[in-house]
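Working notes, beginning with the structure itself.
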Amino acid sequence: MSDAIAVVGSVAFDTIETPTGRADEVLGGSATHFAIAASYFAPVHLVAVVGDDFPAAEREFLAARGIDLAGLEVRAGRTFRWSGRYHEDLNVRDTLKLELNVFADFQPHLRDATRQAPFVFLANIDPALQEGVLAQFTAPALVACDTMNHWIESTRGPLEALLPKIELLIVNDEEARLLSGETNIPRAARRILALGPKQVLVKRGEYGAILFSADSVFAVPAYPLEEVFDPTGAGDSFAGGVLGYLASSGDRSEAGLRRAIVYGSVLASYIVEDFGSRRFRTLSRDDIERRYRQFVALTEF
Ligand code: AMP
(Lines give C-alpha, C1' and ligand atoms only; values in the text may rest on other atoms or scores of the structure.)
Protein backbone atom coordinates (compact mmCIF):
# COMPACT_ATOMS: atom_id res chain seq x y z
CA MET A 1 0.00 0.00 0.00
CA SER A 2 1.37 3.39 -0.98
CA ASP A 3 1.75 6.15 1.57
CA ALA A 4 -0.57 9.12 1.21
CA ILE A 5 0.44 12.51 -0.12
CA ALA A 6 -1.18 15.80 0.89
CA VAL A 7 -0.95 18.79 -1.42
CA VAL A 8 -1.95 22.36 -0.71
CA GLY A 9 -2.08 24.91 -3.49
CA SER A 10 -4.32 26.43 -6.12
CA VAL A 11 -7.22 24.96 -8.08
CA ALA A 12 -7.95 27.26 -10.99
CA PHE A 13 -9.44 27.88 -14.35
CA ASP A 14 -6.70 28.82 -16.79
CA THR A 15 -6.94 30.68 -20.08
CA ILE A 16 -3.80 29.91 -22.05
CA GLU A 17 -2.35 31.21 -25.31
CA THR A 18 0.62 29.46 -26.89
CA PRO A 19 2.14 29.83 -30.38
CA THR A 20 0.09 26.77 -31.45
CA GLY A 21 -3.32 27.72 -30.06
CA ARG A 22 -5.49 28.81 -27.22
CA ALA A 23 -7.67 27.23 -24.53
CA ASP A 24 -10.27 29.03 -22.41
CA GLU A 25 -11.03 28.27 -18.79
CA VAL A 26 -9.48 24.83 -18.64
CA LEU A 27 -9.01 23.08 -15.32
CA GLY A 28 -5.65 24.15 -13.86
CA GLY A 29 -3.95 25.29 -10.69
CA SER A 30 -0.73 24.16 -9.07
CA ALA A 31 -2.40 21.70 -6.68
CA THR A 32 -4.60 20.27 -9.43
CA HIS A 33 -1.73 19.41 -11.78
CA PHE A 34 0.30 17.99 -8.91
CA ALA A 35 -2.61 15.92 -7.54
CA ILE A 36 -3.53 14.39 -10.88
CA ALA A 37 0.08 13.42 -11.65
CA ALA A 38 0.65 11.97 -8.16
CA SER A 39 -2.64 10.06 -8.28
CA TYR A 40 -1.13 7.61 -10.78
CA PHE A 41 1.07 6.35 -7.94
CA ALA A 42 -0.44 6.98 -4.51
CA PRO A 43 -3.52 8.25 -2.62
CA VAL A 44 -3.67 12.06 -2.68
CA HIS A 45 -5.45 14.49 -0.33
CA LEU A 46 -6.14 17.76 -2.12
CA VAL A 47 -6.29 20.86 0.10
CA ALA A 48 -7.54 23.91 -1.78
CA VAL A 49 -10.54 26.19 -2.26
CA VAL A 50 -12.93 26.64 -5.18
CA GLY A 51 -15.95 28.86 -5.74
CA ASP A 52 -19.54 27.73 -6.11
CA ASP A 53 -19.03 27.93 -9.87
CA PHE A 54 -16.79 24.84 -9.81
CA PRO A 55 -18.53 22.25 -12.00
CA ALA A 56 -19.60 18.85 -10.66
CA ALA A 57 -18.01 17.23 -13.73
CA GLU A 58 -14.54 18.51 -12.71
CA ARG A 59 -15.01 17.24 -9.15
CA GLU A 60 -16.04 13.89 -10.57
CA PHE A 61 -12.96 13.76 -12.80
CA LEU A 62 -10.67 14.40 -9.80
CA ALA A 63 -12.56 11.94 -7.60
CA ALA A 64 -12.42 9.30 -10.34
CA ARG A 65 -8.62 9.59 -10.23
CA GLY A 66 -8.88 8.57 -6.56
CA ILE A 67 -8.08 12.06 -5.25
CA ASP A 68 -9.60 12.73 -1.81
CA LEU A 69 -11.60 15.97 -2.08
CA ALA A 70 -12.69 16.26 1.56
CA GLY A 71 -10.21 19.14 1.91
CA LEU A 72 -11.44 20.94 -1.20
CA GLU A 73 -13.40 23.78 0.37
CA VAL A 74 -16.28 25.32 -1.58
CA ARG A 75 -16.87 29.02 -0.86
CA ALA A 76 -19.49 31.41 -2.20
CA GLY A 77 -17.88 33.25 -5.12
CA ARG A 78 -15.73 32.54 -8.12
CA THR A 79 -12.89 30.04 -8.46
CA PHE A 80 -9.34 31.40 -8.89
CA ARG A 81 -8.58 32.34 -12.50
CA TRP A 82 -5.22 32.71 -14.20
CA SER A 83 -4.46 33.63 -17.75
CA GLY A 84 -1.10 33.53 -19.50
CA ARG A 85 0.52 33.89 -22.90
CA TYR A 86 3.65 32.02 -23.98
CA HIS A 87 6.25 33.41 -26.33
CA GLU A 88 7.79 31.49 -29.28
CA ASP A 89 10.37 30.51 -26.68
CA LEU A 90 8.03 28.49 -24.47
CA ASN A 91 10.25 29.08 -21.44
CA VAL A 92 8.97 32.66 -21.42
CA ARG A 93 5.41 33.44 -20.40
CA ASP A 94 3.52 36.58 -19.45
CA THR A 95 0.76 36.50 -16.88
CA LEU A 96 -2.13 38.40 -18.46
CA LYS A 97 -4.60 38.14 -15.63
CA LEU A 98 -4.66 36.82 -12.09
CA GLU A 99 -8.03 36.82 -10.32
CA LEU A 100 -7.63 35.39 -6.83
CA ASN A 101 -11.38 35.34 -6.09
CA VAL A 102 -12.15 32.82 -3.29
CA PHE A 103 -8.43 32.08 -3.04
CA ALA A 104 -7.79 35.59 -1.62
CA ASP A 105 -8.59 34.66 1.98
CA PHE A 106 -7.87 30.97 1.93
CA GLN A 107 -6.92 29.73 5.43
CA PRO A 108 -6.76 25.94 5.27
CA HIS A 109 -7.58 23.87 8.37
CA LEU A 110 -6.59 20.31 7.71
CA ARG A 111 -8.73 17.33 8.62
CA ASP A 112 -7.27 14.61 10.81
CA ALA A 113 -6.79 12.14 7.93
CA THR A 114 -4.84 14.76 5.98
CA ARG A 115 -2.64 15.71 8.98
CA GLN A 116 -1.39 12.12 9.12
CA ALA A 117 -0.11 12.11 5.53
CA PRO A 118 3.62 11.29 5.50
CA PHE A 119 4.30 13.06 2.19
CA VAL A 120 3.56 16.76 1.91
CA PHE A 121 3.77 19.03 -1.10
CA LEU A 122 3.44 22.77 -0.55
CA ALA A 123 2.58 23.94 -4.04
CA ASN A 124 3.04 27.49 -5.18
CA ILE A 125 1.18 29.79 -2.73
CA ASP A 126 2.12 32.47 -0.19
CA PRO A 127 5.04 31.07 1.92
CA ALA A 128 3.36 32.17 5.17
CA LEU A 129 0.36 30.05 4.18
CA GLN A 130 2.69 27.17 3.26
CA GLU A 131 4.26 27.34 6.72
CA GLY A 132 0.84 27.53 8.43
CA VAL A 133 -0.22 24.38 6.61
CA LEU A 134 3.02 22.56 7.33
CA ALA A 135 2.62 23.19 11.07
CA GLN A 136 -0.65 21.21 11.00
CA PHE A 137 0.95 17.89 9.98
CA THR A 138 1.62 15.46 12.80
CA ALA A 139 4.82 13.77 11.58
CA PRO A 140 5.59 14.37 7.91
CA ALA A 141 8.32 12.09 6.58
CA LEU A 142 9.07 14.14 3.49
CA VAL A 143 8.16 17.77 2.82
CA ALA A 144 8.68 19.26 -0.62
CA CYS A 145 7.83 22.75 -1.72
CA ASP A 146 7.63 24.98 -4.76
CA THR A 147 7.59 28.75 -5.03
CA MET A 148 7.65 31.43 -7.71
CA ASN A 149 9.21 34.79 -8.59
CA HIS A 150 6.33 36.70 -7.10
CA TRP A 151 6.89 35.23 -3.61
CA ILE A 152 10.69 35.41 -3.80
CA GLU A 153 10.44 39.12 -4.54
CA SER A 154 7.59 40.10 -2.26
CA THR A 155 7.80 37.69 0.72
CA ARG A 156 11.45 36.71 1.04
CA GLY A 157 11.38 36.75 4.88
CA PRO A 158 8.61 34.14 5.26
CA LEU A 159 10.13 32.09 2.44
CA GLU A 160 13.55 32.01 4.13
CA ALA A 161 11.86 31.04 7.41
CA LEU A 162 10.18 28.11 5.65
CA LEU A 163 13.22 26.71 3.80
CA PRO A 164 14.99 25.06 6.80
CA LYS A 165 11.81 23.00 7.35
CA ILE A 166 11.88 21.64 3.81
CA GLU A 167 13.57 18.48 2.63
CA LEU A 168 13.20 19.10 -1.10
CA LEU A 169 12.80 22.49 -2.75
CA ILE A 170 11.61 22.25 -6.36
CA VAL A 171 12.16 25.44 -8.40
CA ASN A 172 12.86 26.38 -11.99
CA ASP A 173 16.18 27.87 -13.06
CA GLU A 174 14.88 31.44 -13.12
CA GLU A 175 13.55 31.08 -9.56
CA ALA A 176 16.82 29.50 -8.43
CA ARG A 177 18.72 32.51 -9.82
CA LEU A 178 16.39 35.01 -8.18
CA LEU A 179 16.46 33.24 -4.83
CA SER A 180 20.26 32.92 -4.73
CA GLY A 181 21.44 36.02 -6.61
CA GLU A 182 23.70 33.71 -8.68
CA THR A 183 23.41 33.17 -12.44
CA ASN A 184 25.35 29.92 -12.58
CA ILE A 185 22.98 27.09 -11.60
CA PRO A 186 25.39 24.89 -9.57
CA ARG A 187 26.49 27.97 -7.60
CA ALA A 188 22.86 29.05 -7.18
CA ALA A 189 22.00 25.59 -5.85
CA ARG A 190 24.88 25.71 -3.38
CA ARG A 191 23.60 29.03 -2.01
CA ILE A 192 20.04 27.75 -1.78
CA LEU A 193 21.19 24.67 0.14
CA ALA A 194 22.80 27.05 2.63
CA LEU A 195 19.33 28.53 3.24
CA GLY A 196 18.17 25.23 4.70
CA PRO A 197 16.54 22.71 2.33
CA LYS A 198 18.31 19.33 2.30
CA GLN A 199 18.06 19.06 -1.49
CA VAL A 200 17.18 21.40 -4.31
CA LEU A 201 15.72 20.17 -7.57
CA VAL A 202 16.08 22.69 -10.39
CA LYS A 203 13.68 22.33 -13.35
CA ARG A 204 15.12 23.56 -16.62
CA GLY A 205 12.19 23.15 -19.03
CA GLU A 206 13.25 21.47 -22.26
CA TYR A 207 16.76 20.96 -20.79
CA GLY A 208 15.58 18.64 -18.02
CA ALA A 209 16.23 18.82 -14.29
CA ILE A 210 19.17 18.70 -11.86
CA LEU A 211 19.10 17.53 -8.25
CA PHE A 212 21.66 19.05 -5.88
CA SER A 213 22.39 17.97 -2.32
CA ALA A 214 25.41 18.65 -0.10
CA ASP A 215 27.37 15.72 -1.53
CA SER A 216 25.80 14.69 -4.85
CA VAL A 217 24.45 15.95 -8.15
CA PHE A 218 22.09 14.13 -10.53
CA ALA A 219 20.94 15.36 -13.93
CA VAL A 220 18.17 14.04 -16.17
CA PRO A 221 17.26 15.33 -19.64
CA ALA A 222 13.75 16.27 -20.70
CA TYR A 223 12.03 13.82 -23.04
CA PRO A 224 12.78 15.07 -26.57
CA LEU A 225 9.33 16.04 -27.89
CA GLU A 226 8.88 17.42 -31.41
CA GLU A 227 5.89 19.49 -30.40
CA VAL A 228 4.99 21.11 -27.10
CA PHE A 229 1.43 22.43 -27.02
CA ASP A 230 1.29 24.00 -23.59
CA PRO A 231 3.93 23.98 -20.82
CA THR A 232 1.43 25.06 -18.12
CA GLY A 233 1.55 22.72 -15.16
CA ALA A 234 4.70 20.92 -16.32
CA GLY A 235 6.50 21.90 -13.10
CA ASP A 236 3.64 20.81 -10.85
CA SER A 237 3.09 17.51 -12.61
CA PHE A 238 6.86 16.91 -12.49
CA ALA A 239 6.66 17.34 -8.70
CA GLY A 240 3.57 15.08 -8.64
CA GLY A 241 5.47 12.31 -10.42
CA VAL A 242 8.47 12.67 -8.08
CA LEU A 243 6.48 12.55 -4.83
CA GLY A 244 4.02 10.02 -6.24
CA TYR A 245 6.77 7.56 -7.03
CA LEU A 246 8.50 8.13 -3.68
CA ALA A 247 5.24 7.51 -1.82
CA SER A 248 4.47 4.37 -3.82
CA SER A 249 7.93 2.80 -3.64
CA GLY A 250 8.84 3.76 -0.08
CA ASP A 251 12.40 3.92 -1.41
CA ARG A 252 14.09 7.02 0.00
CA SER A 253 17.60 6.04 -1.10
CA GLU A 254 19.56 8.19 -3.56
CA ALA A 255 18.78 5.63 -6.31
CA GLY A 256 15.06 5.75 -5.41
CA LEU A 257 15.06 9.54 -5.61
CA ARG A 258 16.77 9.39 -9.01
CA ARG A 259 14.10 7.03 -10.32
CA ALA A 260 11.43 9.35 -8.89
CA ILE A 261 12.92 12.26 -10.84
CA VAL A 262 12.68 10.25 -14.04
CA TYR A 263 8.99 9.54 -13.27
CA GLY A 264 8.52 13.27 -12.68
CA SER A 265 10.08 13.97 -16.06
CA VAL A 266 7.74 11.42 -17.67
CA LEU A 267 4.63 13.09 -16.22
CA ALA A 268 5.89 16.55 -17.26
CA SER A 269 6.56 15.28 -20.79
CA TYR A 270 2.95 14.10 -21.10
CA ILE A 271 1.13 17.14 -19.71
CA VAL A 272 2.73 19.46 -22.28
CA GLU A 273 1.22 17.41 -25.13
CA ASP A 274 -2.16 19.14 -24.73
CA PHE A 275 -3.67 22.23 -23.10
CA GLY A 276 -4.09 22.41 -19.33
CA SER A 277 -4.43 18.97 -17.79
CA ARG A 278 -6.37 17.52 -20.74
CA ARG A 279 -3.71 14.97 -21.59
CA PHE A 280 -4.30 13.35 -18.18
CA ARG A 281 -7.88 12.51 -19.18
CA THR A 282 -6.57 9.70 -21.38
CA LEU A 283 -3.12 8.94 -19.94
CA SER A 284 -2.73 5.45 -18.50
CA ARG A 285 -0.22 3.94 -16.09
CA ASP A 286 1.01 1.79 -19.02
CA ASP A 287 1.81 4.96 -20.99
CA ILE A 288 3.87 6.14 -18.02
CA GLU A 289 5.82 2.89 -17.78
CA ARG A 290 6.45 2.89 -21.56
CA ARG A 291 7.95 6.37 -21.51
CA TYR A 292 9.92 5.55 -18.36
CA ARG A 293 11.61 2.73 -20.31
CA GLN A 294 12.27 5.15 -23.16
CA PHE A 295 13.94 7.48 -20.67
CA VAL A 296 16.17 4.66 -19.49
CA ALA A 297 17.13 3.89 -23.10
CA LEU A 298 17.67 7.59 -23.82
CA THR A 299 20.23 8.01 -21.06
CA GLU A 300 22.00 4.64 -21.23
CA PHE A 301 25.58 4.62 -22.43
P1 AMP B 1 3.37 25.96 -13.65
O2 AMP B 1 3.19 26.02 -15.15
O3 AMP B 1 3.85 24.63 -13.17
O4 AMP B 1 4.14 27.12 -13.14
O5 AMP B 1 1.92 26.10 -12.99
C6 AMP B 1 0.89 26.79 -13.60
C7 AMP B 1 -0.35 26.76 -12.72
O8 AMP B 1 -0.15 27.63 -11.61
C9 AMP B 1 -1.54 27.27 -13.50
O10 AMP B 1 -2.44 26.21 -13.70
C11 AMP B 1 -2.11 28.40 -12.65
O12 AMP B 1 -3.49 28.24 -12.41
C13 AMP B 1 -1.34 28.36 -11.35
N14 AMP B 1 -0.91 29.69 -10.89
C15 AMP B 1 -0.46 30.73 -11.62
N16 AMP B 1 -0.17 31.79 -10.82
C17 AMP B 1 -0.42 31.40 -9.53
C18 AMP B 1 -0.32 32.04 -8.23
N19 AMP B 1 0.11 33.31 -8.08
N20 AMP B 1 -0.66 31.32 -7.14
C21 AMP B 1 -1.09 30.06 -7.27
N22 AMP B 1 -1.22 29.41 -8.46
C23 AMP B 1 -0.89 30.06 -9.58
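Indexing begins at 1, ligand by ligand and atom by atom, following the structure's order. All residue numbers in this chain count up from 1 along the given sequence.
The residue from Phe121, Phe119, Phe41 that alone fulfils the ring pair (Phe, Tyr, Trp, His ring centres under 6.0 Å) condition with Phe34 is Phe121.
By the 6.0 Å and 45° rule, Arg291 stacks over the aromatic ring of Tyr223. Taking the ring centre of Phe54 as origin, the terminal cationic atom of Arg78 falls outside the region bounded by 6.0 Å and 45° from the ring axis. In this structure, Arg281 satisfies the cation-pi test against Phe61, with its NZ or CZ atom closer than 6.0 Å to the six-membered ring centre and inside 45 degrees of the ring normal.
Here Ser83 contributes atom OG and Glu99 contributes atom CD; the two are 9.5 Å apart, rounded to the nearest 0.5 Å.
Scanning all protein heavy atoms for the shortest distance to atom 8 (O) of ligand 1 gives Ser30 N, 3.9 Å. Looking only at protein heavy atoms, the nearest one to atom 2 (O) of ligand 1 is Gly233 N, 2.8 Å. In terms of protein heavy-atom proximity, atom 15 (C) of ligand 1 is nearest to Trp82 CD1, 3.5 Å. Atom 20 (N) of ligand 1 has Asn124 O, 3.7 Å as its closest protein atom, hydrogens excluded (heavy atom only). Considering only non-hydrogen protein atoms, atom 22 (N) of ligand 1 sits nearest to Ser10 OG, 2.8 Å. Taking atom 6 (C) of ligand 1 as the reference point, the nearest protein heavy-atom neighbour is Thr232 CG2, 3.8 Å. Nearest to atom 12 (O) of ligand 1 among the protein's heavy atoms is Asp14 OD1, 2.7 Å. Nearest protein neighbour of atom 14 (N) of ligand 1, counting heavy atoms only, is Phe80 CE2, 4.1 Å.
By the 3.5 Å distance cut-off applied to N or O atoms, Tyr86 is not counted among the residues near ligand 1. Considering backbone and side-chain N/O atoms, Gly28 never comes within less than 3.5 Å of an N/O atom of ligand 1.
The shortest heavy-atom distance from Arg81 to ligand 1 is not under 4.0 Å. For the pair Phe13 and ligand 1, no heavy-atom separation below 4.0 Å is found.
Numbered from 1 in the order shown, with element, the atoms of ligand 1 that lie under 4.0 Å from a heavy atom of Gly235 read 3 (O). Within ligand 1, counting atoms from 1 as listed, the ones closer than 4.0 Å to a heavy atom of Gly29 are 9 (C), 10 (O), 12 (O). Atoms of ligand 1 lying under 4.0 Å from at least one heavy atom of Ala12, given by number and element, are 12 (O). Near His33, the atoms of ligand 1 lying under 4.0 angstrom from a non-hydrogen atom of the residue are 10 (O).
In this structure a side-chain-to-backbone donor-acceptor pair under 3.5 Å is missing from Gln136 to Thr114. In this structure a side-chain-to-backbone donor-acceptor pair under 3.5 Å is missing from Ser277 to Phe280. No side-chain donor-acceptor contact under 3.5 Å links Ser180 to the backbone of Ile192. Looking only at distances, a side-chain donor or acceptor of Ser253 sits under 3.5 Å from a matching main-chain atom of Gly256.
Taking 4.5 Å as the limit, every side-chain heavy atom of Val11 sits out of range of all side-chain heavy atoms of Val49.
Residues Asp230 and Thr18 have side chains that never bring a donor and an acceptor to within less than 3.5 angstrom of each other.
Aromatic pair Phe295/Tyr292: centroids not less than 6.0 angstrom apart.
Of all the heavy atoms of Asp236, the ones lying under 4.0 Å from any atom of ligand 1 are found in both the backbone and the side chain. Only the side chain of Leu98 comes within 4.0 Å of ligand 1, counting heavy atoms alone; its backbone N, CA, C and O stay farther away.
One option in Glu175, His150, Lys203, Arg93 has a heavy atom closer to atom 4 (O) of ligand 1 than any other, and that option is Arg93.
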